[in-house]
Amino acid sequence: MKALTSPEAAKGKANEEWGLIICSRCDEMVDTIPTDGVKIIYGFCGKGECKGTDFQE
C-alpha cells in the first residue's frame, strides 16, 4: 500500500494524490485520487471473488 506523508511534505505540490480507493472485500488499494486532504473511499476492485456486488459478512 502507498504510504501517506505529512501535509507539510506536500506544500507547493499542486497535484498531490491524498485520496485512496480501497477494496471493501480484500482491503487492497485500487487507486489514488487528487484531493485537498486525506480521504479514504471504499469500493470493489473487480478481481476474482471481489467482482460481485452482494457483499455479506
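Keep in mind that the numbers below use all heavy atoms, side chains included, and drop hydrogens, waters and symmetry copies.
Closest heavy-atom contact between I22 and V30: C-CG2, 4.3 Å.
Side chain of R25 to backbone of F44: no donor-acceptor contact under 3.5 angstrom is found.
With values rounded to the nearest 0.5 angstrom, D36 atom CG is found 12.5 Å from E16 atom CD.
For K47, the side-chain contact (heavy atoms from CB on, under 4.5 Å) partners are C45, not counting sequence neighbours.
Looking at heavy atoms from C-beta onward, I33 lies in side-chain contact with I21 at the 4.5 angstrom threshold.
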Practice item. I would like to know whether I41 and L20 meet side chain to side chain contact (heavy atoms under 4.5 Å, CB included); could you show each step before the answer? Key: CA-CA 6 Å; I41 299 170; L20 296 176; over 6 Å; no
